[in-house]
Each structure stands twice: as C-alpha cells, then as structure tokens.
Amino acid sequence: MDTSVVILALVVVTALAFDFTNGFHDTGNAMATSIATGALKPKVAVALSAVLNLVGAFLSVEVALTVTNAVVNIQNKDGTPKEALLADGGQNLLLIVLAGLVGGIVWNLFTWLYGLPSSSSHALLGGLVGSTLAGLGVSGVKWTGDGTKLDGVVGKILLPALISPVIAIAVATIGTWLIFKITAGVAQRFQDAGFRWGQVGSASLVSLAHGTNDAQKTMGVMTLALIASGHWDDTKSIPIWVKLSAALAIALGTYIGGWRIIRTLGKGLIEISPAQGMAAESSSAAVILSSSHLGFALSTTHVATGSILGSGVGRPGAHVRWHIAGRMIAAWAITLPSAGLVGALMFWLGDGIGGAAGAIVVFLILAGLSTWMWMRSRHAPIGAHNVNDEWEPDVAPVEARRSHATHTEERP
C-alpha cells in the first residue's frame, strides 16, 4: 500500500478521534448548569446536546476548508495546501497534521482526566502550531495578521483567550443581577419552574452553535489531508462522507457525556440556582453568537466558564470558588504550549523514523496514552449517577469518589 495512503488513513481516524474528544470535552459548556439545577436529567441533557451538535454540524461549511489558515502557513487562501508541501503524496503535510491532532487529543484527555474545562479549539491549533514549528520552522506559523483583521496566533488565540471570559463575566453578572432584581417579589417555586424552562432553551442554543462551529475543524483537517494526498480536488465543497463522519463523531462524543468536566462547571465553581443557570447560558449564547456575527473567534469553553462565574458574582451572597477558577485559568494559559510541545515531539519522532512506520508509531503512542488516561480515570468514576453530588472542597475529580468505583461503570 502507498505510504501516503497509510498516513492519510491514520490522519482521518485521528481527526475523528479528536472530534469525539471535542464533543465530550465541551458538553459541559452547554449543559452543565441545566444538569446542576435539575432543569434536565443528566442523560436527557447530553442526548439533547448530541442531537443539536449533529444538526449544527450540517448548517455551515464556510470555514472548513481554511480551518488552519488563521494560525499556520500550510494552506493557500482558497484552502488548498501549499505547493511545497505536496511532494511524495503530501507526506510531510500529512505528518504535520497527524502530529498536531495528537497534540490536541492528548491535551483534551489530560484536562478531562482532571476535570478542567479547556478549549478544544486552542488544543487543536496549539498542536498544529507545534508540529508546524517542528516541520517548517518559525516561518510556518502565522503569528500576527496583516493588520486588516484579527488573525494569527495573537489575534485568533491569545487575545480572545484574554477578552472572552471578561466579556462573559460582565454580561452574566449584569444579567443575573437584573433577574434577581426583577423577580424579587415572585414566589420561589414559580421562579424555579420558569427559569428551568429558560435553561432548556438557552442551553439548546449553545449546543447548536457549538456543533455549527466545532465540527468544522475536523471537516477542514480531513479535507485538507484528502487534497494533500490527491484524493480530493474541489476547494468549494466537503465530501459528504467527511461531513457525515465528523458530525456523527462530535455527536457521539457529546452523548458520552464528559461528566468530569460537567461536574466541575456545574458544581465546582458555584452552587447554581435555575435563575443563575439561565443567566449564564443566555449570556454564553449571546456572546458566542454575537462574536460569530462580528467574525471574532472566541472559545466556547472560556465563554461558558466566564458566564458561570458571572452568574455567581451577580447574585448577592453567592459563594464563588475562585481557587477552582484559578486552576482553570492556569490550564487555559498552558493549553497552547502544552499541546504544541506534544505536537512538535510527535512530528520529530515520526519524521525521524520516516514513512508509514513513523506515522504508525505516532498513532500507537496516542493509543497508549489515551488508554492509560482512561484507565487512570476509572480510579474515580464520575457519571450521570454522581455528577450532581455535593462538591468536595479541594479534591480533584481523579482522586474523589473512589467509593463509587465498584458500583458503576464509568463513562468519559
């Protein structure tokens, strides 16, 4: 079998694996507060989110063919690969993409293991930056744009990472304060019932937006690999099997649940009420959709976390666990370099071995690391059965709730 075909197959499988981790890693962005307040039962919430992610994945393909253009110089403006990278069936480009995907997956799984919400988008782009640096040098990375728009690593990753949580906190703080001010005279049982319905609607909107945006990354990476290897030449469309497989992968990942991160977002930051939950989810939806309309790239994870924090700040007397928020911010800060380091190491290893053997070794390392982290997670199962248990102060999810290990099989 041709070497480029082997590497292409590994890229496709790894891209779908990343899409799967993206799904369960980000489920909490939309559904954590609805689960925490009881607006939706845990399994119903993830099923609803999965369906909406699946639908959202088919709504747009505008950014799919230029998914990496914002931060690395491996594509032309029309989405086609750089001509210099097409030698030998595009093997060098395929290895760069494979190594970058491995960097994104490893970081997604590591942060999931410790229940830390972090950006899957930043993990993927960080992995690609690292593998591109290893394969093409500093000139292969687009650090800043041309001045006409926010672009490059600074414009697409660093600035949004700083700005988006602040905006979300501000919007959610004001929204929460207004909600409690306006409903001060309404009986609590009527408040809770109404706000829980509001949560269902706002959480659904966030799920739909997430599917529309995040599935595009995998579609784009897979199509780029197909073009590089000579198996696709239409830069105006995405193969139907690519759309379908990417949509199904992110939906399946969402349905699996991502319970460790859902628990941190729903129970770790604040003890959230239905009113706060609706304020947080509505703020997330407003910020995400507004930024999409303006062409401003934001991390849904950063926005959702900021909104939950803002809903705590905006409620008088609410207790916000700022030390948990500090751990999340630390994870955000090291996402790009950590995923980038893994991506660079994987490229150097694969390139050093060479050919299909190098790509296979990289893939096997990913499989080994993924298996180890999954087995490590089973020491402290978190699932639909205990995601809403009382939060244990200063105990990481991987170390907590060992008593459940013999009762329930864990899901991610």
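Just the heavy atoms: all of them, side chains too, but no hydrogens, waters or symmetry mates, feed the values below.
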Run the salt-bridge test on R315 and E271 with the 4.0 Å N-O cut-off and return the result as yes or no. no
N/O donor-acceptor pair under 3.5 Å between D19 side chain and T218 backbone: no
Minimal non-hydrogen separation, M31 against L48, with atom names: CE-CD2, 4.0 Å
Between A36 and I272 the two heavy atoms that sit nearest each other are CB-CG2, 3.8 Å
Could you check whether any side-chain heavy atom of L133 comes within less than 4.5 Å of a side-chain heavy atom of V72, counting everything from C-beta outward? no
When you check the side-chain N and O atoms of Q91 and T3, is any donor under 3.5 Å from an acceptor? no
Look at the side chain of H231 and the backbone N and O of S229, then say whether any donor-acceptor pair between them is shorter than 3.5 Å. yes
If you round to the nearest 0.5 Å, how far is CZ of F195 from OG of S282? 9.5 Å
Donor-acceptor check, side chain of T21 to backbone of F18, threshold 3.5 angstrom: yes or no? yes
May I have the step-by-step check of side-chain contact (heavy atoms from CB on, under 4.5 Å) for Y114 and T264, ending in yes or no? CA-CA 9 Å; Y114 288 94; T264 301; over 6 Å; no
Would a distance-only check, ignoring hydrogens and angles, find a side-chain to backbone donor-acceptor pair under 3.5 Å from W391 to N388? no
If we check side-chain hydrogen bond (donor to acceptor under 3.5 Å, both in side chains) with E281, which of these qualifies: S204, S307, S207, S34? S34
Among side-chain atoms of N22 and D26, is any donor-acceptor pair under 3.5 angstrom? yes
Under 3.5 Å side-chain donor-acceptor pair for T176 and S311: no
Take V102 and W107 through the side-chain contact (heavy atoms from CB on, under 4.5 Å) test and state the conclusion after the steps. CA-CA 9 Å; V102 171; W107 185 249; over 6 Å; no
Would S119 and S299 count as having a side-chain donor-acceptor pair, cut-off 3.5 Å? yes
Minimum heavy-atom distance N29-A304, with the two atoms named: O-CB, 3.6 Å
Spell out, as yes or no, whether a donor-acceptor pair under 3.5 Å connects the side chain of N73 to the backbone of S139. yes
Let me see the working for L248 and L252 under side-chain contact (heavy atoms from CB on, under 4.5 Å), right down to the final yes or no. CA-CA 6 Å; L248 289 173; L252 180 60; over 6 Å; no
Rounded to the nearest 0.5 Å, what's the gap from CZ on F110 to OG on S118? Could you check? 10.0 Å
Hey, are T223 and W232 close enough side-chain-wise for a donor-acceptor pair under 3.5 Å? no
Could you check whether any side-chain N or O of T254 sits under 3.5 Å from a backbone N or O of I250, counting only pairs where one atom can act as donor and the other as acceptor? yes
In this structure, CD1 of I174 is separated from CD1 of I169 (nearest 0.5 Å) by 12.0 Å
Working to the nearest 0.5 Å, report the span between OG1 of T305 and CG of L269. 6.5 Å
Is the shortest side-chain heavy-atom distance between L124 and L128 below 4.5 Å? yes
Quick one: are W143 and V71 in side-chain contact, heavy atoms under 4.5 Å? no
Shortest non-hydrogen pair, S245 vs M222, comes out as OG-CE, 3.6 Å
Under a 3.5 Å distance rule, please check whether S377 uses its side chain to pair with a backbone N or O of W374 as donor and acceptor. yes
The side-chain hydrogen bond (donor to acceptor under 3.5 Å, both in side chains) partners of T132 (sequence neighbours excluded) come to none
Find the distance between NZ (K267) and CD1 (I35) and round it off to the nearest 0.5 Å. 11.5 Å
Main-chain N/O of F347 paired with D351 side-chain donor or acceptor, under 3.5 Å: no
Closest non-hydrogen atom pair, V200 against A39: CG2-O, 4.2 Å
Output the distance between atom NE2 (H385) and atom CH2 (W259), rounded to the nearest 0.5 Å. 10.5 Å
What I want to check is whether the side chains of T111 and H25 have a donor and an acceptor closer together than 3.5 Å. yes
Looking only at atom types and distance, does a side-chain atom of R196 sit under 3.5 Å from a main-chain N or O of P274, one as donor and one as acceptor? no
Does D2 use its side chain to pair, donor to acceptor, with the backbone of S4 at less than 3.5 Å? yes
Could you walk me through whether V106 and L366 pass the side-chain contact (heavy atoms from CB on, under 4.5 Å) check? CA-CA 7 Å; V106 169; L366 170 63; 4.1 Å; yes
Between F24 and F20, how do the two ring planes meet: parallel, tilted or perpendicular, split at 30° and 60°? perpendicular
Testing the 3.5 Å rule here: is there a donor-acceptor pair between the side chains of T33 and Q276? no
Is it true that atom NZ of K82 has more than 12 heavy atoms of other residues, nucleotides or ligands lying nearer than 6.0 Å? yes
P42 versus V387, closest heavy-atom pair with distance: CG-CG1, 4.1 Å
